Each structure stands twice: as structure tokens, then as C-alpha cells.
**Q** 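Let me begin by handing over the structure; questions about it come next.
Throughout, a chain's letter reflects where its sequence line sits, starting with A, and its residues are numbered from 1. As the structure is a computational prediction, the values presented were derived from the model and not from experiment.
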2 protein chains.
Amino acid sequence: MTPDAIKVACSNCNLRELCMPVGFDLADLARLDEVVATRRKIKQGQTLFNSGEVFTSLYAIRTGFFKTSVSTEDGREQVTGFQMAGEIMGLDGIVNDHHSCNAIALEDAEVCVMPFSNIEDLSREFPVLQRHVHKIMSREIVRENSVMLLLGNMRAEERLAAFLLNLVQRLHARGFSKSEFVLRMTREEIGSYLGMKLETVSRTFSKFSEEGVIEVKQRYVRILDPDALQKIFNPQPCI
Amino acid sequence: MTPDAIKVACSNCNLRELCMPVGFDLADLARLDEVVATRRKIKQGQTLFNSGEVFTSLYAIRTGFFKTSVSTEDGREQVTGFQMAGEIMGLDGIVNDHHSCNAIALEDAEVCVMPFSNIEDLSREFPVLQRHVHKIMSREIVRENSVMLLLGNMRAEERLAAFLLNLVQRLHARGFSKSEFVLRMTREEIGSYLGMKLETVSRTFSKFSEEGVIEVKQRYVRILDPDALQKIFNPQPCI
DNA sequence: CGTTGACTTGAACAAGATCAACCATTGTGG
DNA sequence: CCACAATGGTTGATCTTGTTCAAGTCAACG
């Protein structure tokens, strides 16, 4: 056990409403504590796991912000997602007992380590946990479907609008502002996620800014006209 | 129950090696039969399920070929996958109890209908089934990760090469030829999956053909130089 | 045998990539 | 504390890839 690992409990975690315990009553919550073995701190820039490593656990983010990515053999990186508090990482490792993507902390972070064997054992006992695990995996499949739609069908402006709206919506669900936030990732990482180059990301930010839809200063973003953003992302069919 | 629904068994299905029963011993196999409620035939062009419909079951393909797709509000379609015998559809529906994509038969097909409540009940009893369900979902997440890489980072030729190699590899696992096959989908559907226009798909086919890498005649494809395809898909880093 | 849907091919065009220069912010060592 | 390097971000000019539009081919089928 690493020195920064400590024993912890879901039952008094303030992420109850977003994380694994969703839909558990108090009695179940006590048992759920068994799935979390330890916590682990990851410094900004450090990896939680890398492609190729043996899979043992899922990870629930307590604090901090991550990106996950896959790479081609010739070194091109595709960011596959950005994860924040209450979200689960590591699902990619189940199928082959090895991770197939990298998880890197974009700010100092702490995760709950949940050995997958604990999850499997306990979810045989608790249908509510079983159902929750299934939903988490299904949610990830649905999310990736929508990223495929974004990458396959949308233009640069639509992609960035969709990205900003998704981000602010998730932040808002965690008690942050509906309109302003600080990006945790670089233009290059945004571009990698959205299938565009960092220059195009920067230009699109500038364009939105000129149009008065957002205010940008480096990593700080304020959404001035959410409806306009929504309209860019989700244009009406031309009748 | 629809008239074309009949009672069936996994234990004597010839897809045992590819479908749900992977890794089950004979005793377990008998119980596994309980998860399949019925079979259902779907004619070419018919939908198995549509986005928005209530989710009740997963579907294992016995025969035939499907595409799954999602759409934007203004009617742009993104094909999210092509599925063949032994593959499982419907995982998208678990998270919200409603499907979020469409599944359409590209040729006359038959599926095993597996009510998800049966799967959940039985997988609490059989760790091997529980594990298998988790792996199926994880495999889908990993597949979608690699499609994101393809859509976000690859050029047209790389995309089509990757697509053809993936298709032939899956067909080969089902006993078909390593080198020739008949496409079940149109150029437009391939293009939608790969994030390119049907004209670009057609041109890229022609280019591969001129280079002697493949032979194409309409939907018939023969791979003449698999190594060349592999190299297009997976170029070496320039040192 | 004509109609239809799928496919191919060419020419013009545009979105985004690439290349390049420059600016802003942060952190570090003298 | 300041100089300056390093990293990240912006902006302009040019180029490329793939899109769009258009015309024509092919195969299947009623």
C-alpha cells in the first residue's frame, strides 16, 4: 500500500449524489464502503494508469480533473475524454485485463481505488449496485456514441460549442457556475478531443468571442449567450 | 409475442464460441438458455429498435448484418457501428431505460432476444455470466475509443484501410475468407461510419484498386495485398 | 427496356491544416 | 528581484484534403 493511501468511506462522501452510491439507501451505503480499498493522490501531469498496464480496479474521482487518451503506433494522440469529480475511470481495462488507454491528471487529484473483484462480488449481492455498474458502462457507451457523431458529422464551431456546453453542464451539476469556468486543459488537448488542430481551436474561441457569445482569456471562459451556443451546436433543420 | 418468435437454446447454438456462452461449461450453458426469451426475424431495411424506444432487452445476432446509428436534430446520421453474427446490440439502452441509437438490418437477420432483467438475475447467480456481460460492455467502450482515434486523427485512406482490415478480420473469425467478401452496406453508410462523404469513399476504393492493394467491383471486395493495407492503416513513425 | 438506386469520376471550391511569426504568462536561477 | 527561458496561446498567409456539385455509368428489376 502506498504511503498516500488511506482507508475511506462512501457513506459520508460528499459526492454521494454523483458517484457510485447513486440510489443507495443507508444500509446499502455501509456495505458499499467495502468496494473502496484505498484512496490515491495523483499530482498534475502524473498518470493514474497507462495503456498496457494490468487492470485491477476502477477509479472514482474525488477531486481533480483527468484526461484519457489512446495513441496510434506512430505517436498521434487522441484524447477520448475529460473526467471530473464523481466520474469513473478504468472501464476500458475489463475486457482484456489490461488497460487500453491512458489516464492523466490535468490538476492535482485524488481518486477512490475500487478493486474490480470487490465490485463484482458485491454487485452479485446488491442488485442496486449491479444495476449501477451496468448504467455507468452504458453511459460511457452512449457518451462515446455522441462523440462519434461530433467527430464524424460536425464542423469546428459545432464541435467547440458542444464541448463548452457539455463542460459547463457537468460543472454546474457539481455546484459550479452555469456561465463561467476555468479550462483545465490546453488548446491542443481540446483539439485532440474534438478532432481539430490547436490553431483551429484558438481561432474558433476568438470567433465566438468576437460574436459576443463567450468571453475568453486564456483558460478562463465565460458564456455570455448560452442560447447562441446551443443554436450553433444544435442548428434547426432548414425547412 | 410476435408470430415469428420461437423458443430456442444457446446450448446447441453454433455461435457458442463467439456469442454470450463464451467460457461456459455445459452445466452453465443449460441455465444460460434461460436468458434468451425468443428469437426474432428482421427483414432487410427493418429496424430492430429505434432511438427513444423503451429498453427491455439485449439482442444477440444469430444471422444477418446490422448497422447502428445516431442522428442530429437536423437529420444528419452517424453510423456508430456494423454488427455481425455473435455480436450484441442494445447496450446503449441500459443507462436511461430507453435506446439512444437505431439498429437497422442491412440484410435479412435473426436475433436472440435477451430480456435484460433475465441477464441481471442470472448474472448474480453465475459469476462467469456476470464477467462476460462486463467484458462485452468494456469491449464496446474500447471499440468506440478506437473509432474516436480513427475519426479524430486519421486521413481518408487510413480510415478505409482500418475499416477493411477490421471487417475481414471479424469475418474470418466467423469462418469466412481472409481475403474476399461482399460489403453489406452502401458507400454512404461506410462514409457515415468513417466520417467521410460517399464520393471520397468511392475515390479511395478506386485508389486502392489502382495501386493493386484491393480488387473492387461494386460491393465485392478482394484484398490482394493485406500488408500494404496494414501499412496504410498503421504507418511506421518517421524516425 | 426503361426506371431506379447505387456507384464512379471530374472540376471547382472551402474548411481546416500547416507553416511561421509573434505575444502572454509563469517559473527559475543568477 | 529581474532576466530570460519555456510553455501555451494568438493570428496571418498559404496550401491541402476532402467536400460539393454535376454528369455520367452500371446493375438490378418490374
Side-chain angles (χ1 to χ4, degrees), chain A residues 43-45 65 67 74 76-79 104 106-108 150-164 182-211 214-222 232 235 238, chain B residues 44-45 65 67 76-79 104 106-108 150-164 182-211 214-222 232 235 238:
Chain A
K43 284 243 166 282
Q44 183 173 33
F65 199 91
K67 70 170 176 180
D74 58 332
R76 288 175 283 179
E77 182 193 48
Q78 174 71 33
V79 171
I104 295 155
L106 296 182
E107 60 181 16
D108 290 359
L150 182 143
L151 291 172
N153 269 298
M154 294 191 182
R155 44 200 11 283
E157 289 174 37
E158 293 173 304
R159 294 181 197 196
L160 191 64
F163 170 74
L164 292 174
V182 174
L183 295 168
R184 249 69 239 211
M185 67 296 277
T186 66
R187 301 289 190 259
E188 186 166 22
E189 286 160 339
I190 296 171
S192 172
Y193 183 56
L194 300 178
M196 47 208 257
K197 294 292 156 183
L198 69 93
E199 293 95 328
T200 309
V201 175
S202 179
R203 275 183 242 275
T204 310
F205 268 123
S206 300
K207 180 150 190 286
F208 285 174
S209 182
E210 283 160 28
E211 291 169 352
I214 62 173
E215 191 187 318
V216 202
K217 186 149 190 232
Q218 304 286 123
R219 304 246 174 137
Y220 167 85
V221 176
R222 171 193 281 260
I232 291 167
C238 12
Chain B
Q44 182 174 34
F65 199 92
K67 70 169 177 181
R76 287 175 284 179
E77 183 193 48
Q78 173 71 32
V79 171
I104 295 154
L106 295 182
E107 61 181 14
D108 290 0
L150 182 143
L151 290 171
N153 268 299
M154 295 191 182
R155 43 199 15 284
E157 290 174 37
E158 293 174 303
R159 294 182 197 196
L160 191 64
F163 170 74
L164 292 174
V182 173
L183 296 168
R184 250 70 236 210
M185 68 295 277
T186 66
R187 300 289 190 261
E188 187 166 21
E189 286 161 340
I190 297 172
S192 172
Y193 183 56
L194 300 179
M196 47 209 257
K197 294 293 156 182
L198 69 95
E199 294 94 329
T200 308
V201 175
S202 180
R203 276 183 242 274
T204 310
F205 268 123
S206 300
K207 180 148 189 288
F208 286 174
S209 183
E210 283 160 27
E211 291 169 352
I214 62 173
E215 190 187 319
V216 202
K217 189 156 189 220
Q218 304 285 124
R219 303 239 174 145
Y220 167 86
V221 176
R222 171 194 281 262
I232 292 166
C238 10

**Q** Counting only side-chain heavy atoms from C-beta out, which of C/dT18, C/dT8, C/dA17 sits nearest to A/Met196?
**A** C/dA17

**Q** Which nucleotide wins on minimum distance to the side chain of A/Ser206, given the candidates C/dA15, D/dG18, D/dT11?
**A**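 Shortest atom-to-atom distance from the side chain points to D/dT11.
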
**Q** Starting from C1' on D/dT17, measure out to CD on B/Glu199 and report it in whole angstrom.
**A**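 Atom CD in B/Glu199 sits about 14 Å away from atom C1' in D/dT17.
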
**Q** 5'-most contact on DNA chain C: B/Ser202 or A/Val201, nearest heavy atom basis?
**A** B/Ser202

**Q** Rounded to the nearest 0.5 Å, what's the gap from CZ on A/Arg155 to CG on A/Leu160? Could you check?
**A**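 Reported value, rounded in 0.5 Å steps: 13.5 Å.
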
**Q** How many Å lie between CE on B/Met185 and P on C/dC7, as a whole number?
**A** 11 Å

**Q** Touch check for B/Lys217, heavy atoms < 4.0 angstrom, all strands: base, sugar-phosphate only, or nothing?
**A** sugar-phosphate

**Q** Using a heavy-atom cut-off of under 4.0 Å over every strand shown, decide if B/Arg219 touches base, sugar-phosphate, or nothing.
**A**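 Sugar-phosphate contact only - B/Arg219 comes under 4.0 Å of backbone atoms but never of a base.
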
**Q** A/Arg155 side chain: which of C/dT8, D/dT17, C/dA15 is closest?
**A** C/dA15

**Q** Could you go through B/Phe208 and B/Val216, starting from their C-alpha distance and side-chain angles, then the distance that decides it, and tell me whether this counts as side chain to side chain contact (heavy atoms under 4.5 Å, CB included)?
**A** CA-CA 9 Å; B/Phe208 286 174; B/Val216 202; 6.0 Å; no

**Q** Using atom CZ of B/Arg184 as one end and atom P of C/dA6 as the other, report the distance to the nearest whole Å.
**A**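 Distance check: B/Arg184 CZ to C/dA6 P gives 16 Å.
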
**Q** Can you identify which nucleotide, out of D/dT19, D/dG18, C/dT8, has its nearest atom closest to the B/Ala156 side chain?
**A**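 Closest of the options to the side chain of B/Ala156: D/dG18.
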
**Q** Taking CD from B/Gln218 and C1' from D/dT25, how many angstroms apart are they, rounded to a whole number?
**A** 9 Å

**Q** Quick one: do B/Arg203 and B/Glu210 make a salt bridge, cutoff under 4.0 Å?
**A**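 No salt bridge links B/Arg203 with B/Glu210.
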
**Q** So what does B/Thr186 touch, heavy atoms closer than 4.0 Å: a base, only the sugar-phosphate, or nothing?
**A**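 Contact class for B/Thr186: sugar-phosphate only.
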
**Q** Determine, step by step, whether A/Asn153 and B/Gln78 satisfy the side chain to side chain donor-acceptor pair (under 3.5 Å) criterion, reporting the C-alpha distance in whole Å, the side-chain angles of both residues, the deciding distance to 0.1 Å, and the verdict.
**A** CA-CA 7 Å; A/Asn153 269 298; B/Gln78 173 71 32; 3.0 Å; yes

**Q** Could you state the atom-to-atom distance from CZ of A/Arg159 to C1' of C/dA15 in whole Å?
**A**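 One finds 11 Å between C1' of C/dA15 and CZ of A/Arg159, rounded.
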
**Q** Are A/Lys43 and A/Glu107 close enough for a salt bridge, meaning some N to O gap below 4.0 Å?
**A**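 Between A/Glu107 and A/Lys43 there is no salt bridge, as every charged N stays at least 4.0 Å from the carboxylate O atoms.
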
**Q** Let's test your reading of the model: under 3.5 Å, does the base of D/dG12 pair with the side chain of A/Arg203 as donor and acceptor?
**A** yes

**Q** Rounded to whole Å, please give me the gap between CD in B/Gln44 and P in D/dC29.
**A** 11 Å

**Q** Between B/Glu210 (CD) and C/dT9 (C1'), how many Å, whole number?
**A** 11 Å

**Q** Rounding to an integer number of Å, can you tell me how far A/Leu183 CG sits from D/dT7 P?
**A** 21 Å

